[in-house]
Every structure is written in C-alpha cells, then in structure tokens.
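Read the structure below first, then the notes.
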Protein chains: 2
Amino acid sequence: MGKKAAQPLYKQIKARLKAQVVSGELSQGALLPSETELAERYSCSRLTVHRSLRELADEGVVERRRRAGTRVAMRGNTGLRIRLSRVTEEISRRGFAYRYELIKSVVKTPPLHIHRLLGGDPEQEHLHIKCLHWANNRVFQFEDRWVNLITVPKAQSLSFEKMSPSLWLLDNVPLSDLEHEISAISAKTQIANVMKVEKGSPILEVTRRSTWNNQSVSCARLMHPGDLYSLKSERKAL
Amino acid sequence: MGKKAAQPLYKQIKARLKAQVVSGELSQGALLPSETELAERYSCSRLTVHRSLRELADEGVVERRRRAGTRVAMRGNTGLRIRLSRVTEEISRRGFAYRYELIKSVVKTPPLHIHRLLGGDPEQEHLHIKCLHWANNRVFQFEDRWVNLITVPKAQSLSFEKMSPSLWLLDNVPLSDLEHEISAISAKTQIANVMKVEKGSPILEVTRRSTWNNQSVSCARLMHPGDLYSLKSERKAL
DNA sequence: TAGTGGTCTAGACCACTTT
DNA sequence: AAGTGGTCTAGACCACTAG
C-alpha cells in the first residue's frame, strides 16, 4: 500500500479543526479564531480557510454567524444519511434472484388519505398499483403505489405487467423532491397473506412521496419483512 | 412579506442547471458544458460556476470526472437525510411529559455479539445499562446500552439513576463517528413486558454505535413502539 | 497530449449583527 | 462603527484521464 498523495490544503485544515473539536480541546460553544486569523496561522488564503469552515458547518460540526464568529456546535442533534438503491440492485447485491409480480393495477378515485398526498381534484381518478418484488422465494418488498395521472398521464397507457412502476418512474419521469418516512408496523391479515409472512410479523415500511415542481407525482408504501431488510447509515461524523 | 434579496450568483446558476435536469431538458447521462464555457455563458468567473457544479455533485444531481466532464447523474440511487435529536427533545416536541427510569446498571463481561462491537479484550468488563424514556404514560424509548469502560472510565463511577447514559455521553464524551441501523422487530415477551406493550407489537429499533478515534465508545439499541415513533427525512432533492 | 475539473491566491466588496 | 463571514474575480498551476 503506497502512501497517499497529500490531501488538499482545505481538507487538512478541516481535519485539524475537526480533531480539536472531537478531542474536546474545543468544547461545545467554544469560539474559533476568525477566518483572517486562521489564514495567517496556516499561511494560506482566506478562501481556503473559508472552505474548510463552510464544510464543517455543513456537516454540523460548527455554527457560523456573521460578526459573531464561528463556534463549536452543540451536540445532541445528529444527522444520518441513508442511501437507497433501486429494489433490483438491493436484491442482486444480496445475491438473490429478482422476480417481479404484478398484483393489481386499476384506475380509480383514491381514498381521502391518499388524496391528501396527491392533491388536486378529489374526484380525479389516479392509478393504483400493487406489486411484489421477490428475492428468491421470499417477498422482499411489497409495493403499494398511487401514481398521479394528471402529472404523469403517460402512466395510464402502461400495464406494468413486466416492470414495476417504481423502476419505470425512475427512468421516465423527471422528479425533484422526495420525502420519506420510516416506520415499523405489524403485518395485518391482508398484508401477511400478500407478503407470505406470518400474521403479526414486523414490517419495515418506507413511505415515499415524490413531487415535481411542487406537484405530486406519486406516493408509495414500500413494505419489507423485518427479518430481511434494515437500513444502514453511512458512517459519518457528529 | 417583502421580496427576498437576490440569491447569490452561484445559487442562481445552480438552480438554473438543476431546473434543466429536473425538467428533463438534460436527461440522464447528458453532458453539460465545461466550467470555462458556463463561466462565459453566465459572465462570471470559473470559480463561481465551479461551486455551483460542485454542490450539484454533492447532492447527487450530476457526476464529475476530470477530462470526461460533467454529466447528469443516473437516477435510482437516492440519499435521504434524517435528523435525530436527543430523546428529551423528541418527547417535549410532541408535547409529552418526560420521565426517566433506570432499570438496571451492572458492570460485567459482555456477551460475544456485544464484544464484537466494543472490541478489545474479550474478558474486559463493561457497563451495561437498561433504562426507559417515558412520554406521559407510555414508554417512548427502551434504551439497552453498553458503555466501553476502557475509553470512558469515568462512566463507572456514575449511577445513572437520574440521568440516562445517552444524555450523559452526549455532554461529556467527545465523539466522532456514529453508525446507525434501523430495523423493525417484534416485541418478544421480555421486551413487551419492559415496554408495556402487547407481545408481538411492532418495534422500531435504532441500533447506534459510536466511536472516537476508531475506538468504540458505546453501542446501544434504542427501541420505540411502532405506533409512537417514526423517522421522517428532510425533504431534499434527488 | 490536450482538455477537463480540483485547488489555490491576493485582493475586493458586501451583508449582517453585535457592540 | 467595526469586525465577522459570504461572495466574487482574474489569474494560475496541477492532477487526472479519455482519445
């Protein structure tokens, strides 16, 4: 293993400052030197120091305010990042064979709690799809999705017999914002039957809502058997 | 509501480029103009354009490689950010009264699966704590934690009768890295009894491991009744 | 090897907020 | 009023890699 090339200067400075925070040398709320002073101390331009501090602020390590200076952020608020891949990747990464199964696909007026997510005319019909993503002989994900036919009219003419709507949407609909909610539920009779798990089994549910220019595109419940799936964060700082 | 001050130039450029991606005008894999060209087009310095593109790359909207240029990123890999606050805040934010209850606190040799997380000598004794965080009359979180007594010797002399170890650690131990895993489990008899929920209830479990300079500090299972707690992501792009 | 992005400088002006 | 961070410029050199 050869020695790594030198890190860029701004990363070195960032690392040194972060080390002082992590070691407790700079404790919660402590004031850091100004950018000008740090630039002199490290014999570099102010912009270089600025970038170090800006990235530390983005990571939540420090807090910055004009005139007030840069301070070590209070702990106790932790951010965690989770990466989600498309189902097919998640399954093949685990070494399982992927199979898709359409359960139902109908166009109808959504119930009220779905209408609240999709917005628009309460009488408008939208596309409701239920399907399964199999990993070998187990159900890996049960997808229960509504697609907004106003924003995505193209979806109405598709059968989704061979391809899941989640994959089709990813490749065919430009989308901007996603909201997620992660919860643990218990498999009720119907869900247990569909997912081929015991009634009452724990289910990890990811609810996803996607929007485009503030117009809803689709919302979905993605349900996984608790023993097959969990979400891991990237290991990240503070 | 008065009009906002003009956005900084790099944000405007970022927004314009992003809009082209989101609208589909630039589709997956499409090549963007070079920094030099964009700088001319927007009549600004290259650094300003660079910052726009760098942030878009950080957000996963584009991918950049030297010589190869900047391309619209493939979709299907989504990042989601979740913010976690300390338990007391989570509870008071919901308008509930917080109460802490210590169940047990012992020093002993951990079982093997815990030792794998804590590292070091397999015979070394560590601090094992179980406690409850109540929200009004419901158990909001059941905390099952091991604290590494090699890295945090101070913890041995504390009783944790009034204050939970999670809160104490936050304020007293500098920590650098956190790893999380989120899963759905079913309340087995013992857990159901402790958490005062029905046997078999869904539990949202967050497993957290904290390290300091690559040495483990503590690991914990934070268990919440599925009907009381869920994790919401910040709404963020792509 | 040519062209891309990555970093860095020295200087400047501005916006904000505390004093 | 003064000092902080936020942004921006015009230039430079370097590291990487596709052609």
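Each chain gets a letter, A, B and so on, in the order the sequences are listed, and its residues count up from 1.
- Taking atom CD of residue B/Gln7 and atom C1' of nucleotide D/dG6, one finds them 13 Å apart after rounding to whole Å.
- Look at CG on A/Asp58: it is 14 Å from C1' on D/dG5, rounded to the nearest Å.
- When the nearest nucleotides of DNA chain C are assigned to B/Ala68 and A/Leu9 by heavy-atom distance, the more 5′-ward of the two goes with B/Ala68.
- Counting only heavy atoms from C-beta outward, the side chains of A/Cys219 and A/Leu118 approach each other to under 4.5 Å.
- B/His180 is linked by a ring pair (Phe, Tyr, Trp, His ring centres under 6.0 Å) to nothing, counting only residues two or more places apart in sequence or in another chain.
- Listed pair B/Arg65 / D/dA18 meets the phosphate criterion, a side-chain N or O lying under 4.0 Å from OP1 or OP2.
- Looking at every heavy atom in both residues, A/Cys44 comes nearest to A/Thr48 through SG-CB, 4.0 Å.
- Residues B/Leu228 and B/Val139 approach most closely at CD1-O, 3.5 Å, considering heavy atoms.
- Side-chain contact between A/Leu231 and A/Leu84: present, with at least one pair of heavy atoms (C-beta onward) separated by less than 4.5 Å.
- As a whole-Å value, the separation of B/Glu55 CD from C/dG5 P is 17 Å.
- In this structure the side chain of A/Gln28 reaches within 4.5 angstrom of the side chain of B/Asp171, judged on heavy atoms.
- In this entry the distance linking CZ of A/Arg54 with P of D/dC8 reads 11 Å, nearest Å.
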**Request:** Give DNA chain D the dot-bracket treatment, 5' to 3': Watson-Crick (N1-N3 with N6-O4 or O6-N4) or G-U (N1-O2, O6-N3) under 3.5 Å, [ ] crossing, | other strand.
**Result:** ||||||||||||||||||.
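- With hydrogens and angles left out, the side-chain atoms of A/Arg208 and A/Ser166 include no donor and acceptor closer than 3.5 Å.
- Only B/Ser34, B/Glu35, listed by number, bring a heavy atom of residues 26-39 of chain B to less than 4.0 angstrom from any atom of DNA chain C.
- The salt bridge (Lys or Arg N to Asp or Glu O under 4.0 Å) contacts involving residues 156-165 of chain B comprise nothing, where partners must be two or more places apart or lie in separate chains.
- For residues 139-159 of chain A, the pairs satisfying salt bridge (Lys or Arg N to Asp or Glu O under 4.0 Å) are A/Glu143-A/Arg145, with sequence neighbours left out.
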Pick out the pairs of N or O atoms, protein on one side and nucleotides 11-15 of chain D on the other, that lie under 3.5 Å.
unit_1	atom_1	unit_2	atom_2	d
D/dA12	N6	B/Arg46	NH1	3.4
D/dA15	N3	B/Arg66	NE	3.2

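- Here B/Thr48 does not reach the OP1 or OP2 of D/dT7: none of its side-chain N or O atoms lies under 4.0 Å away.
- Contact record, A/Leu149 with A/Ala155: CD2-CB, 4.2 Å, taken as the closest heavy-atom pair.
- Side-chain N/O atoms of B/Tyr10 include none lying less than 4.0 angstrom from OP1 or OP2 on D/dC8.
- We find that NZ of B/Lys14 is positioned 11 Å from P of D/dT7, with the value rounded to whole Å.
- When rounded to the nearest whole Å, the span between CZ of B/Arg64 and P of D/dA18 equals 15 Å.
- By the 4.5 Å heavy-atom criterion applied to side chains, B/Tyr10 and B/Glu55 are counted as neighbours.
- Rounded to an integer number of Å, the gap from NE2 of B/His50 to P of C/dG5 is 10 Å.
- Atom-to-atom, CD1 of B/Ile13 to P of D/dT7 comes out at 13 Å; the value is rounded to the nearest Å.
- Taking a 6.0 Å sphere around CZ of B/Arg65, one finds it holds 12 or fewer heavy atoms contributed by other residues, nucleotides or ligands.
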